[in-house]
Amino acid sequence: MSTTSHEVFDATPEGDAPELKRVLGPKLLLLFIVGDILGAGVYAVTGTMAGTVGGIVWLPFLLAFVVATLTAFSYLELVTQYPQAAGAALYTHKAFGIHFVTFLVAFAVVCSGITSASTSANVLAQNFFGGLEINGWMGLPGQGVITAVAMGFMLLLAVINLRGVGESVKFNVVLTLVEMTALCIVIGVGFFVMTQGTGNAGEIFVFNDYQDKGLFLAVTAATSIAFFAMVGFEDSVNMVEETQHPEKIFPRTMLTGLGIAVILYMLVAVSVVSVLSPTELENIREAEGAALLEVVHKGSPDFPIDRIFPFLAVFAVANTALINMLMASRLIYGMARQRVLPPALGKVLPVRRTPWAGIVFSTVLALGLIWYVTSDPESNIVANLSGTTAFLLLCVFTVVNVACLILRRKRDPNREVFFTSPGQLPLVAALLCAFLAGPWVGRNVIQYQIAGGLMAIGVALWFITWLINRRTNRTAGTGADEA
């Protein structure tokens, strides 16, 4: 959920500047996309979705996949037309040419990474203590302890980030396999229960209106929640300069990755419904990020799988949070270097060469978010943070889909076209993303407050930087040479 390019507003290569090494073929790119989509999303939202629609929890995953795929078509058209590692910010700038609009999109991506990492921190803490409880090592602590561990984890990520993390493709493959293994355990438990004749397979097509919303509103609300689990595919466009023949392999690989993810999600949903009773589906919302752990625990009482699963989940979720914070801090650094955020946020450690100011800034925002959402003991922490992430990215995707239509009209007729989103699908995708971002889906008002507060901080910093640039006769988009 991030943009890694330092050239936020224009990623056009300059002169003889060295290019990134193209090491990703179709298989490694597919593993990167699948691993990026899976992440913490399904752990974070499944419980909330089940507590909204009951047995048909698989349907919102399918609908979210449709919306994500339509948006992916727009990304594929743009990434094959502009194969540069700057993502949504680059496409917005190419389409509209307004620095402030580009800034809003870029900072929204930053904020989505921070809220996503904060979600992951809470999910990690819940699964960690759930694992300790299941193994009999300690009882489940209060929310205060869980929050403290989530905050401590964010500080640990900051330390790792400050030391510098060399993420290799092979390491990403290992993490992706761990993530898939954890989900396959959930799926295996569900199908094992069904083969024993003790499952609730008949509930798979049953809509349970636990919140008295009606079918349409309940499914719409759950689809908006499920969208958090489908995001991540957009990150892959930042790997375009490290991909072999991206124009040819990106479309097929990205769509395949989305397909694999939704199949796994729907199988997980079927397993959840098969293992848990309708009453348990209604109450699973309270489990928040530990919902899948409860499924494994109930479905495999005679096997030690449930003792291992929470720690696999912790590993997968930790990787998601680390990537989010890495990318958020780098994008803050990039915007500071482009002088659209205060230059002080572009400071780099002299030895480690890591963007310490961006890391500190993003970590402080994440800690503030965790504290804010836990200040209300009755709030659903994971749901509010994941919902804020989905809202921010739905807004970004709306802009990207519109940008796709605009840039299609600006396309050079003499330039080879590798992929075009069919007909007016970008417009359909823009309308669907805008619809899912609206208050009519039942989104908690706190999610708008969090997103608005974060964006207000960004606009305030942008305005301060604008004043500084005006007094020093500098312009936004002029990179700083100094560290």
Side-chain angles (χ1 to χ4, degrees), residues 1-2 34-48 109-131 143 146-161 165 167 172 175-176 178-180 182-183 225-235 261 265 268 287-293 309-329 359 362-374 380-393 447 450 454:
M1 302 174 196
S2 50
V34 171
D36 208 7
I37 295 173
L38 295 183
V42 67
Y43 300 96
V45 302
T46 303
T48 304
V109 175
V110 170
C111 293
S112 72
I114 294 172
T115 53
S116 177
S118 301
T119 306
S120 300
N122 281 277
V123 172
L124 179 145
Q126 291 172 8
N127 277 275
F128 175 72
F129 284 113
Q143 183 58 52
I146 294 176
T147 300
V149 170
M151 287 185 167
F153 174 66
M154 295 306 303
L155 292 174
L156 176 62
L157 289 184
V159 172
I160 296 173
N161 207 343
V165 180
E167 300 254 38
N172 179 70
L175 295 176
T176 300
V178 170
E179 293 168 352
M180 295 180 69
L183 294 183
I225 296 168
F227 203 81
F228 176 71
M230 291 306 306
V231 298
F233 67 89
E234 76 283 357
D235 281 345
Y265 287 168
V268 166
E288 295 188 338
L292 297 187
L293 174 57
F309 176 79
F311 302 109
L312 290 177
V314 163
F315 191 62
V317 170
N319 177 52
T320 298
L322 177 59
I323 291 176
N324 284 328
M325 294 305 287
L326 279 168
M327 299 306 185
S329 61
I359 294 170
S362 57
T363 302
V364 168
L365 282 183
L367 293 175
L369 273 177
I370 294 173
W371 172 82
Y372 179 72
V373 296
T374 55
N380 190 315
I381 300 164
V382 172
N384 287 332
L385 288 173
S386 62
T388 303
T389 305
F391 168 69
L392 288 166
L393 286 176
Q447 297 174 22
I450 294 171
L454 290 171

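Side chains included, hydrogens not; waters and symmetry mates left out as well; all remaining heavy atoms used.
The only member of Leu322, Val317, Val382 that meets side chain to side chain contact (heavy atoms under 4.5 Å, CB included) when paired with Ser120 is Val317.
Between Ala44 and Val123 the shortest heavy-atom distance is CB-CG2, 3.9 Å. Here the closest heavy-atom approach between residue Ala321 and residue Phe153 is recorded as CB-CE2, 3.7 Å. Contact between Ala328 and Val110 at its shortest, heavy atoms only, is CB-O, 4.0 Å. Minimum interatomic distance between Ala121 and Met154 (heavy atoms only, all atoms of both residues): CB-SD, 3.6 Å. Here the closest heavy-atom approach between residue Gly131 and residue Leu293 is recorded as N-CD2, 4.2 Å. When every heavy atom of Asn324 is checked against every heavy atom of Ala117, the shortest pair comes out as ND2-N, 3.7 Å.
Rounded to the nearest 0.5 Å, atoms CD (Gln447) and OG1 (Thr388) are 4.5 Å apart. Interatomic distance, OG of Ser118 versus CD1 of Ile450, reported as 9.0 Å (0.5 Å rounding). Atoms CG and CD1, on Leu369 and Ile381 in that order, are 12.0 Å from each other to the nearest 0.5 Å. The line from CD of Glu179 to CZ of Phe315 is 9.0 Å long, rounded to the nearest 0.5 Å. Distance check, rounded to the nearest 0.5 Å: CG of Leu124 to OG1 of Thr119 gives 12.0 Å. Here the CG atom belonging to Leu157 is positioned 10.5 Å from the OG atom belonging to Ser329, to the nearest 0.5 angstrom.
The shortest side-chain heavy-atom distance between Thr115 and Phe391 does not fall under the 4.5 Å cut-off. With contacts defined as side-chain heavy-atom distances shorter than 4.5 Å, the pair Leu292/Thr46 qualifies. Counting only heavy atoms from C-beta outward, the side chains of Leu155 and Thr363 approach each other to under 4.5 Å.
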Stepwise, does the side-chain contact (heavy atoms from CB on, under 4.5 Å) test hold for Thr48 with Phe228?
CA-CA 12 Å; Thr48 304; Phe228 176 71; over 6 Å; no
If you apply the rule side-chain contact (heavy atoms from CB on, under 4.5 Å), what do you find for Trp371 with Met151, and how did you get there?
CA-CA 8 Å; Trp371 172 82; Met151 287 185 167; 3.4 Å; yes
Determine, step by step, whether Phe128 and Phe311 satisfy the side-chain contact (heavy atoms from CB on, under 4.5 Å) criterion, reporting the C-alpha distance in whole Å, the side-chain angles of both residues, the deciding distance to 0.1 Å, and the verdict.
CA-CA 6 Å; Phe128 175 72; Phe311 302 109; 4.2 Å; yes
Stepwise side-chain contact (heavy atoms from CB on, under 4.5 Å) test for Ile114 and Leu454:
CA-CA 10 Å; Ile114 294 172; Leu454 290 171; 5.6 Å; no
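For the pair Ser112 (side chain) and Leu393 (backbone), a donor-acceptor distance under 3.5 Å is absent. Judged by distance alone, the side chain of Thr389 and the main-chain N or O of Ser116 form a donor-acceptor pair under 3.5 Å.
Every side-chain contact (heavy atoms from CB on, under 4.5 Å) that Ala182 has, sequence neighbours left out, goes to Tyr43, Phe309, Leu312. By the side-chain contact (heavy atoms from CB on, under 4.5 Å) test, Phe129 pairs with Leu132, Met138, Leu140, Pro141, Val145, Ile146, Val149, sequence neighbours left out.
Within the structure, the side chain to side chain donor-acceptor pair (under 3.5 Å) test picks out the following pairs touching residues 147-158 (sequence neighbours left out): Gln143-Thr147.
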